[in-house]
> 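Once you've had a glance at the structure underneath, I'll fire off some questions.
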Amino acid sequence: MSRLAQSNFIQGGYYHVYNRGNRADNIFFDTKDYKRYLDRLKQYKKKHDVSVIAYCLMPNHLHLLLRQNGPKPISTFIQRVHTAYTMYLNNKHKTTGHVFESRYKAKIVNRDDLLSHLSRYIHLEPKTVVKRLPAYKWSSYPTYIGQTPDEITEPNIVLSMFKRKNQTQEDAILAYKLFVQKAQKPPPAIDHLLFAEV
């Protein structure tokens with residue numbers, strides 16, 4: 001799949017960004033690695049005016065749901081994060097070369113109603129490695145359900161879709177938890193946004 005040209009990144013646009021390790025090797029080896037990547041997300045999202053709507057870091061791949069808030073293309077943000085992380089990992093392991101299989105892939109989410117389905121898809125990624133999704137620390141799901149607030153994720157963009165008139169934030173969180181627990185197959189409308197090869 002060809003990557004999006006910079007001109008296709010628009011202010012106010014939502015994007016599913018994903019990548020995996022070179023030769024499908026691991027890109028995260030220990031707690032320090034996960035924390036380092038998340039620190040870079042936090043650092044560069046401020047500098048590049050990007051909102052992180054949802055994320056999941058798995059040992060050999062990652063998913064990000066992002067919003068480009070300003071005119072600077074989101075591609076610059078991802079490039080900065082991944083270059084910094086590659087330099088860190090190569091230095092840590094005294095290696096050189098590619099950490100990621102290729103340049104990241106980015107797919108524009110052109111309908112707001114698909115954001116909830118895409119966030120669920122991302123939050124269900126760890127279901128093969130943990131019995132309970134809230135136990136997986138390297139996902140934004142614990143933040144969505146109010147378990148572990150962080151300085152990275154902005155869950156209210158999705159949670160507001162689950163809040164009905166006269167309901168509380170807790171009601172919206174409960175509705176989202178039930179939505180994720182149903183773990184239904186993603187609707188065909190988002191098939192083109194997913195990374196089936198991971």
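On a predicted model such as this, the values are computed, not experimentally measured, just so you know.
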> Which residue, Thr153, Leu133, Ile173, forms the side chain to side chain contact (heavy atoms under 4.5 Å, CB included) with Tyr144?
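Only match with Tyr144 under side chain to side chain contact (heavy atoms under 4.5 Å, CB included): Thr153.
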> Just by distance, do the side chain of Ser140 and the backbone of Tyr55 share a donor-acceptor pair under 3.5 Å?
yes
> Within the supplied structure, the quantity of interest is the number of heavy atoms (other residues, nucleotides, ligands) at a distance under 6.0 Å from Glu151 CD; does it exceed 12?
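Check fails, neighbour count at 12 or below.
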> Under the side chain to side chain contact (heavy atoms under 4.5 Å, CB included) criterion, do Ile78 and Val81 qualify, and how do the steps go?
CA-CA 5 Å; Ile78 294 298; Val81 172; 5.6 Å; no
> Taking the side chain from Thr148 and the backbone from Thr143, do they hold a donor-acceptor pair closer than 3.5 Å?
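Not at all, since once roles are kept as given, no pair shorter than 3.5 Å links the two residues.
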> Indicate, with yes or no, if Phe100 and Met87 share a hydrophobic cluster defined by side-chain heavy-atom contacts under 4.5 Å among Ile, Leu, Val, Met, Phe, Trp and Tyr.
no
> Applying side chain to side chain donor-acceptor pair (under 3.5 Å) between Arg20 and each of His61, His63, Glu101, report the one that passes.
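Only one of His61, His63, Glu101 forms a side chain to side chain donor-acceptor pair (under 3.5 Å) with Arg20, namely Glu101.
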> Do Arg164 and Asn166 meet the criterion of a side-chain donor-acceptor pair at a distance under 3.5 Å?
no
> With side chains defined as the heavy atoms from C-beta onward, is the minimum distance between Arg120 and Tyr141 less than 4.5 Å?
no
> Give a yes or no answer on whether the side chain of Ser119 reaches the backbone of Ser116 with a donor-acceptor pair at less than 3.5 Å.
yes
> Are the side chains of Leu89 and Phe29 in touch, meaning some heavy atoms are under 4.5 Å apart?
yes
> Using the rule given for ring-ring contact (aromatic ring centres under 6.0 Å, His included), can you reason through Phe9 versus Tyr15, listing the C-alpha separation, both sets of side-chain angles and the distance that settles it, and then say yes or no?
CA-CA 9 Å; Phe9 290 96; Tyr15 301 89; 4.9 Å; yes
> Tell me whether Leu124 is reachable from Leu174 by hopping between hydrophobic residues (I, L, V, M, F, W, Y) whose side-chain heavy atoms are closer than 4.5 Å.
no
> Does some side-chain heavy atom of Tyr37 sit less than 4.5 Å from a side-chain heavy atom of Ile27?
no
> Can any side-chain N or O of Asp171 pair as donor or acceptor with the backbone N or O of Thr168 at less than 3.5 Å?
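Yes: the side chain of Asp171 pairs with the backbone of Thr168.
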> Any side-chain heavy atom of Leu66 within less than 4.5 Å of one from Val52?
yes
> Could you tell me whether Tyr104 and Phe77 have their ring centroids closer than 6.0 angstrom?
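Ring centres of Phe77 and Tyr104 not closer than 6.0 Å.
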> Check Lys32 with Asp30, please: is the shortest side-chain N to carboxylate O separation under 4.0 Å?
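Not counted as a salt bridge, because no side-chain N and carboxylate O are separated by less than 4.0 Å.
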> When you group the ILVMFWY residues by side-chain heavy-atom contacts below 4.5 Å and let the links chain together, are Met161 and Leu118 in the same group?
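Yes: a chain of side-chain contacts under 4.5 Å links Leu118 to Met161.
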> Decide yes or no for Leu115 and Ile53: does some side-chain heavy atom of the first lie under 4.5 Å from some side-chain heavy atom of the second?
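No, every pair of side-chain atoms sits at 4.5 Å or beyond.
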> Tell me if the NZ atom of Lys92 is crowded by more than 12 foreign heavy atoms within 6.0 Å.
yes
> Could you check whether any side-chain heavy atom of Leu38 comes within less than 4.5 Å of a side-chain heavy atom of Asp150, counting everything from C-beta outward?
no
> Run the side chain to side chain contact (heavy atoms under 4.5 Å, CB included) check on Arg36 and Tyr88 step by step: do they pass?
CA-CA 8 Å; Arg36 182 66 171 234; Tyr88 154 78; 3.7 Å; yes
> Please tell me if the side chains of Phe28 and Met58 come closer than 4.5 Å, counting only heavy atoms from C-beta onward.
no
> Flag the pair Lys107 / Tyr18 as yes when at least one side-chain heavy-atom distance between them is below 4.5 Å, and no otherwise.
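Yes. Closest side-chain heavy atoms under 4.5 Å.
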